[in-house]
**Q** 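Structure below; questions to follow.
Values in this document were obtained by computation on a predicted structure and should not be read as measured data.
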Amino acid sequence: MSSNDFLSLGISASVLKAVQQLGYEQPSPIQAQSIPVLLGGKNLLGTAQTGTGKTAAFALPLLSNIDDKQKTPQILVLTPTRELAIQVAEAFQSYAKHIKGFRVLPIYGGADIGGQLRGLKRGVQVVVGTPGRILDHLRRRSLNLSQIKGLVLDEADEMLRMGFIDDVETILAQTPDNCQRALFSATMPPAIKRVADTYLGDAEHIRIESKTKTVERIFQQYVTVKGHQKMDALTRVLEVESFDGMIIFVRTKSSTVDIADRLEARGFSSAALNGDLSQALRERTINKLKKGQVDIVVATDVAARGLDVERISHVINFDIPYDNESYVHRIGRTGRAGREGKAILFITPKETRLLRSIEKSTRQSIVPLTMPTNEEVSGQRIQQFTQQLSKTMATPRLDKFRDMIVTFAEENELDMADIAAALTYENQKDRPLFPKLDNIVAPRQEKRNSSSEKRSKRDQSPRDKSARPDSGEKRSRRDQSPRDKSARPDSGEKRSKRDPVLRDEDGHVVPMVTYRLEVGKNDNIDPSNIVGAIANEADISSQYIGQIVLHDDYSTVDLPEGMPDEVFKHLKNARVRAKTLNLSLLKAEGQSAPSSRAPRPKKGPKKIKSAASDNPSKRRNPKNDGSAPLKNKKKKTYTKKDKK
Ligand code: AMP
């Protein structure tokens, strides 16, 4: 297959050109199935998770039908978080780069509404936003949905979990009856099914079936790294793994070349293998791998199809495959001819679900790989160095050099060991024998028990440690929020459960303070509404939102101390079910008097990060590696506006 497959799916010429330039070689399974349905004008219900290529599955067909003359919103995408909103908006921008005058606007809470108002006034074809802020604009009449032709609910189950489902329904009810709708969700709990039944009519249901396949003789490991750290992580793994031949799988043709070049520059013998290369060149590369003239081949799925080379001891999935079958296919390139093989999978924190799904379908556990330490890398380099040294000492042409050094030592009364040390020091500068490597953080990796973990990262928030059904399918709608499963009427209160002590990712205790919110049970809210509002409006990771207690006409919530004034003011005016939170400080540690402002942190503002600006383009990480902008930072409690 080639990128012509996108053409045969029927996407427009300008969108096709962008896809080709991005180096997409073939549609992922969810894309192959969804694109014709959406191009055909039908509604779509997709069971798909992050990493399957679902953004392009809806963006490419919807963009193919866009009217570039019309400047009022034609496509609306609802996402549960601001990060996803930015990511999806960026994806739209890249797929629409050849559509003249195209504009997409991400709209989310916690950002200055002025910029969003100006953006909407200027005219946009695509709006991607979180439900609360979209509703806000609808109330202000700054957003007009009357011309919407395509509506997408992305990560619908997350929106449910974050308490946004009522907001979503309110928005859905304001879109034209004849607008095309697509809903993507990793799971299909009853509340999502109900929304689908109500608003999607007889939608086409697409899911990527995961057939069970067994893989034998292949030891499988995974490592969790953030996108921008993948290359460093790969290099480190390669330094300590002893391998014969290796295939590294990536998603795009451009990545094959990029990574092969970077590995070469780091001293690994590597070559790229992709669908752009002629058949003759591909065969030559595979032959080189067979003969040991090249050790590492960096390939796309298409180019590596049918590749059978006995000496492949390792398969590295640098980019996670779109589905379980192709995972099995890929790792089957090793363990040939009765040999043992090893497969290492790189995942970003958001791809944890895909990892679990692979484990489930292969009925085998994939165990965490611990990042090699400085000492291990150092030990390996020293071993290689001394081996090379022994070889060099055996060469016959050393006489002249020996004489030179002896003369030098005698004239200067130097010790031979000192000279050898100095030469070694000079020699290792490009590849230090005692390196000080960056700390590659593998978020949550250490906490995961690969066979028993059944829940996603967000599910592991300190409030919901007690067991609850995996997908929430057996529970009522209200029960589905992560915080409220333990909420039981308790002397009139509804109380969410959490660990007494909340810790950050480094295991440090996060000091908390209690705030009062002027919304309560009488306002028909539940804890997930509060979590959703605070997480999005204050841009605080939901894991740092502590215990929530609902009273009749007010509630309390524990939040990390040190909330910046700006965030505090913003939260004060944030709304849940059309009621202002009117946040006030109830109680800080060692403090009893209520206060109207946010407490200052006791120690330095360690956890308070300066956040990216409202402008998504400024939020991209400088390495421009495609990873989500805020994801590159350490897990945060609060973020603030950029101090440019
Ligand atoms: P998503 O599941 O939409 O978050 O996409 C995951 C990643 O896969 C993104 O980085 C996309 O750019 C990439 N991607 C999506 N479709 C393709 C494709 N057909 N070929 C190569 N990469 C893709």
**Q** With a 4.5 Å cut-off on side-chain heavy atoms, are Val549 and Ser555 touching?
**A** no

**Q** Whether the Thr72 and Gln70 side chains hold a donor-acceptor pair (N or O, under 3.5 Å, no angle test) is what I'd like checked.
**A**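 Short answer, yes.
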
**Q** Rounded to the nearest 0.5 Å, how far apart are CD1 of Ile165 and CG of Asn529?
**A** 11.5 Å

**Q** Once the angle between the rings of Phe92 and Phe102 is folded into 0 to 90°, is it parallel (under 30°), tilted (30 to 60°) or perpendicular (over 60°)?
**A** parallel

**Q** Has the side chain of Gln116 got a donor or acceptor atom that lies under 3.5 Å from a matching backbone atom of Tyr108?
**A**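 Judged by distance alone, yes, a pair lies under 3.5 Å.
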
**Q** Assess the residue pair Gln547 and Thr514 against the criterion (side-chain contact (heavy atoms from CB on, under 4.5 Å)); give the C-alpha distance rounded to whole Å, side-chain angles, the decisive distance to 0.1 Å, and a yes or no.
**A** CA-CA 9 Å; Gln547 183 164 271; Thr514 306; over 6 Å; no

**Q** Is a side-chain N or O of Thr198 found less than 3.5 angstrom from the main chain of Arg194, in a donor-acceptor match?
**A**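 Flag set: sc Thr198 to bb Arg194 pair under 3.5 Å.
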
**Q** Report yes if some heavy atom in the side chain of Ser28 is under 4.5 Å from a heavy atom in the side chain of Thr52; otherwise report no.
**A** no

**Q** In this structure, are over 12 heavy atoms from other groups packed under 6.0 Å from Lys71 atom NZ?
**A**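 Yes, NZ of Lys71 has more than 12 neighbouring heavy atoms, counting only those of other groups under 6.0 Å.
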
**Q** How long is the straight-line distance from OH of Tyr515 back to CD1 of Ile534, given to the nearest 0.5 Å?
**A**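 Ile534 CD1 to Tyr515 OH: 10.0 Å, rounded to 0.5 Å.
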
**Q** Any non-hydrogen side-chain atom of Val557 less than 4.5 Å from a side-chain atom of Arg516?
**A** no

**Q** Report the distance from atom NZ of Lys226 to atom OG1 of Thr224, rounding to the nearest 0.5 Å.
**A**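 Answer for the NZ-OG1 pair, Lys226 versus Thr224, is 11.0 Å.
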
**Q** Tell me whether Asp523 is salt-bridged to Lys579, with the criterion being a basic N under 4.0 Å from an acidic carboxylate O.
**A**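 Lys579 and Asp523: salt-bridged.
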
**Q** In Å and rounded to the nearest 0.5 Å, what is the CG to CG distance from Leu151 to Leu145?
**A** 8.0 Å

**Q** Show which side-chain atoms of residues 170-178 pair as donor or acceptor with protein atoms under 3.5 Å away, not counting sequence neighbours.
**A**
unit_1, atom_1, unit_2, atom_2, d
Thr170, OG1, Asp166, O, 2.8
Thr175, OG1, Leu172, O, 2.6
Thr175, OG1, Arg181, NH2, 2.6

**Q** Any side-chain heavy-atom pair from Ile107 and Thr130 closer than 4.5 angstrom?
**A**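 With C-beta onward as the side chain, the pair stays apart.
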
**Q** Test your reading of the model: is there a side-chain donor-acceptor pair from Ser34 to the backbone of Ile30, 3.5 Å cut-off?
**A**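 Yes, the answer is positive, given that a donor and an acceptor are paired below the 3.5 Å cut-off.
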
**Q** About how many Å separate CG of Leu45 and CG of Asp197, when rounded to the nearest 0.5 Å?
**A**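 The distance works out to 8.5 Å.
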
**Q** Kindly determine whether Gln125 and Val104 satisfy side-chain contact (heavy atoms from CB on, under 4.5 Å), including the steps that lead there.
**A** CA-CA 6 Å; Gln125 284 100 357; Val104 52; over 6 Å; no

**Q** Any carboxylate oxygen within less than 4.0 angstrom of a Lys/Arg side-chain nitrogen, looking at Arg356 and Glu351?
**A**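 Between Glu351 and Arg356 there is no salt bridge, as every charged N stays at least 4.0 Å from the carboxylate O atoms.
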
**Q** Test side-chain contact (heavy atoms from CB on, under 4.5 Å) on Met188 and Asp157 and set out the steps.
**A** CA-CA 7 Å; Met188 280 292 158; Asp157 50 353; over 6 Å; no

**Q** Hey, are the side chains of Leu120 and Val124 touching, using non-hydrogen atoms and a 4.5 Å cut-off?
**A**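 Side chain of Leu120 against side chain of Val124, heavy atoms only: contact under 4.5 Å found.
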
**Q** On a heavy-atom basis, which atom in Arg82 and which in Ala111 lie closest, and how many Å separate them?
**A** NH2-N, 4.4 Å

**Q** Donor-acceptor pair, distance only, cut-off 3.5 Å: does the side chain of Arg251 make one with the backbone of Ile320?
**A**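 Yes; judged by distance alone, with no hydrogens or angles, the pair exists.
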
**Q** Counting only N and O atoms by type, is there a donor-acceptor contact under 3.5 Å from the side chain of Ser185 to the main-chain atoms of Thr187?
**A**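 Flag set: sc Ser185 to bb Thr187 pair under 3.5 Å.
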
**Q** So do the side chains of Leu105 and Val128 get within less than 4.5 Å of each other, counting heavy atoms only?
**A**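 Not touching, per the 4.5 Å side-chain cut-off.
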
**Q** Within a strict 4.5 Å, meaning less than it, do heavy atoms of the Ile134 and Arg139 side chains meet?
**A**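 Not in contact.
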
**Q** Going by atom types alone, do Lys54 and Gln31 pair a side-chain donor with an acceptor below 3.5 Å?
**A** no

**Q** For Arg103 and Gln93, test the side chains for any donor-to-acceptor distance below 3.5 angstrom and give the result as yes or no.
**A**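 Side chains of Arg103 and Gln93: no pair found under 3.5 Å.
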
**Q** Considering non-hydrogen atoms only, spot the tightest contact between Phe568 and Ser584 and give its length.
**A**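 Answer, listing the atom of Phe568 first, then Ser584: CZ-CA, 4.4 Å.
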
**Q** Does the pair Asp67/Lys149 count as a salt bridge with the N-to-O cut at 4.0 Å?
**A**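 Answer for the salt bridge query: no.
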
**Q** Once ring pair (Phe, Tyr, Trp, His ring centres under 6.0 Å) is applied, what residue pairs with a partner in residues 148-182 remain, sequence neighbours excluded?
**A**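 Pairs touching residues 148-182 that pass the test: none.
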
**Q** For the residue pair Asp154 and Thr79, confirm or rule out a side-chain donor-acceptor distance under 3.5 Å.
**A**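 On atom types as modelled, these side chains do not qualify, holding no pair under 3.5 Å.
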
**Q** Do you know which two heavy atoms are closest between Thr55 and Ala91, and how far apart they sit?
**A** CG2-CB, 3.7 Å

**Q** Would a 4.5 Å heavy-atom cut-off, applied to side chains only, mark Ser142 and His137 as touching?
**A** yes

**Q** Distance from Lys521 atom NZ to Tyr554 atom OH, nearest 0.5 Å?
**A** 10.5 Å

**Q** Mind running side-chain contact (heavy atoms from CB on, under 4.5 Å) on Leu63 and Ile99 for me, showing each step along the way?
**A** CA-CA 9 Å; Leu63 280 173; Ile99 301 178; 4.2 Å; yes

**Q** Can you confirm whether the side chains of Arg207 and His205 place a donor and an acceptor under 3.5 Å from each other?
**A** yes

**Q** Pick out which of Val126, Leu44, Val77, Leu38 makes a side chain to side chain contact (heavy atoms under 4.5 Å, CB included) with Val152.
**A** Val77

**Q** Which pair of non-hydrogen atoms, one from Arg133 and one from Asp112, has the smallest distance, and what is that distance?
**A** NH1-C, 4.3 Å

**Q** Could you report the tightest heavy-atom contact between Asn43 and Tyr199, atom names first, then the distance?
**A** ND2-O, 4.2 Å

**Q** With distance as the sole criterion, is a donor-acceptor pair present between the side chains of Ser146 and Asn144 under 3.5 Å?
**A**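 Per modelled atom types, Ser146 and Asn144 side chains form a pair under 3.5 Å.
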
**Q** For Ile11, is there any backbone N or O sitting under 3.5 Å from a side-chain donor or acceptor partner on Ser64?
**A**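 Looks like no, no N/O pair under 3.5 Å.
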
**Q** Is Glu155 salt-bridged to Arg161, going by a charged N under 4.0 Å from an acidic O?
**A**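 Result for this pair is no, no salt bridge flagged.
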
**Q** Quick check against the 3.5 Å criterion: does Asp5 have a side-chain atom that pairs as donor or acceptor with the backbone of Gln26?
**A** no

**Q** Return the minimal non-hydrogen interatomic distance between Lys97 and Ala18, and the atom names on each side.
**A**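 Looks like CG-CB, 4.2 Å.
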
